[in-house]
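One structure is given below, encoded as structure tokens.
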Amino acid sequence: MLFSFFLNLLQLTPTLYTLQLSERVLSSRDETTLIALSVMVLFLYVISSILEWARSHLLVRLGLRLDEALNDRVFEAAFKNTLSRNTGNSLQPLHDLAQVRQFLAGPGLLAFFDAPWTVIFLAVIFLLHPLLGAISLAGAVLLLAMTLLTERLTQKPLAEANAAWARTSAFASNSLRNVEVISAMGMLDAVRERWLEHYDAVLGLQALASDRAGSIGAATRLIRIGLQSLILGTGAWLAINGHLSAGGMFAGSILMGRMLSPVELCIANWKGFVLARGAYARLSDLLKASPPQ
């Protein structure tokens, strides 16, 4: 969160640079000011890149440390659970741990760290002009509604797909343990047909969730592109009527792009978030049911 604070603060650099070019450099035609501003901006871009690398580096190490801390416990709990029940996919807990680790180290979690800055960027846009702020606020609300719609339409198919995959994996594992008997009795074709039935059900549910998420994602990108053009056109109208400078027009467009980027990233990584949340819940239940010896 500390790295995200300074990283998002530096996201204001292009906006301030655009304003300074418009209001100081172009009006005064001072090349020294242009060079000084450009050097400062390049320096801030380098700092921003270093912070982004450091944040990603930290999250990767955090995921690895979590895995190292839990893998023995998860393996032991999975072993005890399989020994006592002998049902379900015995490897599922290990897959769940990998799912949580991958989400922690991926871009999905970063979107949630950046999301609170949407409010700050929106406030700066309102300072440029209330009309630009109103358009940006409407866009943010619309994209938030799309996020909630993504959750609503994909949660059930993904949960059913995970449960179906667990049953499919368990069936395949049990069949492979009895492969000699199945082969000797000529049951391979029948077993394959049953496995394909389970597997087709998994693919159908995953495809349904992916289709829904993809459709909403495409609509979201369309809305964002439209909003970017709308706020630029509105800024031009305000500049023509003397209510906004040319620099403010471009700054508003840049700021709205920064403001909506975390929201769009959350939508793009929502499937991974849902999968990681389900994996975390299953791991919690498993470790509670199988306390350490």
Side-chain angles (χ1 to χ4, degrees), residues 4 7-19 21-22 41 44-45 48-49 52 56 106-155 207-241 243-274:
S4 297
L7 190 59
N8 281 280
L9 195 62
L10 289 172
Q11 295 296 319
L12 294 171
T13 302
T15 304
L16 296 175
Y17 184 59
T18 302
L19 287 172
L21 288 181
S22 173
V41 166
L44 291 176
Y45 283 161
S48 178
S49 298
E52 191 166 2
S56 176
L109 187 62
L110 297 179
F112 291 94
F113 279 120
D114 294 339
W117 278 82
T118 299
V119 179
I120 297 175
F121 292 143
L122 180 62
V124 177
I125 296 174
F126 267 105
L127 289 177
L128 290 174
H129 197 278
L131 182 57
L132 298 181
I135 294 174
S136 301
L137 178 60
V141 171
L142 187 57
L143 289 182
L144 181 60
M146 300 293 281
T147 305
L148 297 177
L149 183 62
T150 303
E151 161 77 3
R152 185 178 183 88
L153 293 180
T154 60
Q155 183 178 13
L208 177 62
S210 297
D211 286 344
R212 290 178 176 178
S215 300
I216 297 173
T220 300
R221 284 187 290 275
L222 175 62
I223 292 171
R224 185 181 176 189
I225 293 172
L227 285 171
Q228 201 88 28
S229 299
L230 178 61
I231 200 168
L232 196 59
T234 305
W237 178 76
L238 292 172
I240 290 173
N241 288 276
H243 300 298
L244 189 69
S245 66
M249 175 185 70
F250 291 110
S253 178
I254 295 172
L255 273 174
M256 196 186 73
R258 300 292 185 190
M259 183 194 77
L260 298 181
S261 180
V263 179
E264 189 175 13
L265 194 59
C266 285
I267 295 173
N269 290 278
W270 198 260
K271 179 180 177 181
F273 168 70
V274 173

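Because the structure is predicted, anything quoted here is derived from the model rather than measured.
When all heavy atoms of Thr18 and Ala251 are compared, the pair lying nearest together is CG2-N, 4.3 Å. Residue Ser136 comes nearest to Ile231 through the heavy atom pair OG-CD1, 3.3 Å, listed as atom of the first residue, atom of the second, then distance. Taking both residues in full, the closest heavy atoms of Leu128 and Gly248 are given as CD1-O, 4.0 Å, listed atom of the first, atom of the second, then distance. When every heavy atom of Gly235 is checked against every heavy atom of Met249, the shortest pair comes out as C-CG, 3.5 Å. Across all non-hydrogen atoms, the minimal contact from Leu260 to Leu143 is CD2-CD1, 3.6 Å.
Here the CG-CG distance, from Asp114 to Leu109, works out to 10.0 Å after rounding to the nearest 0.5 Å. The CE atom of Met256 sits 8.5 Å away from atom CD1 of Ile135, with the distance rounded to the nearest 0.5 Å. Separating the OG1 atom in Thr15 from the CG atom in Leu255 is a distance of 3.5 Å, to the nearest 0.5 Å. Atom-to-atom distance recorded for Glu52:CD and Leu7:CG is 5.5 Å, nearest 0.5 angstrom. Within the model, atoms CG of Leu232 and CG of Leu227 stand 12.5 Å from one another, a figure rounded to the nearest 0.5 Å.
Counting heavy atoms from C-beta outward, Leu132 and Leu238 have side chains that approach closer than 4.5 Å. Contact of the Trp237 side chain with the Leu131 side chain is registered, since non-hydrogen atoms from C-beta on lie closer than 4.5 Å. Annotation: side chain of Ser261 is not in contact with side chain of Gln11 (no heavy-atom distance under 4.5 Å).
A 6.0 Å sphere centred on OH of Tyr17 holds more than 12 heavy atoms belonging to other residues, nucleotides or ligands.
Applying the side-chain contact (heavy atoms from CB on, under 4.5 Å) test to Thr13 and every residue at least two apart in sequence or in another chain returns Leu10, Val41, Leu44, Tyr45.
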Which donor-acceptor pairs under 3.5 Å do side chains of residues 117-126 form with protein atoms, sequence neighbours excluded?
unit_1: Thr118; atom_1: OG1; unit_2: Ala115; atom_2: O; d: 2.9
unit_1: Thr118; atom_1: OG1; unit_2: Met259; atom_2: O; d: 3.3

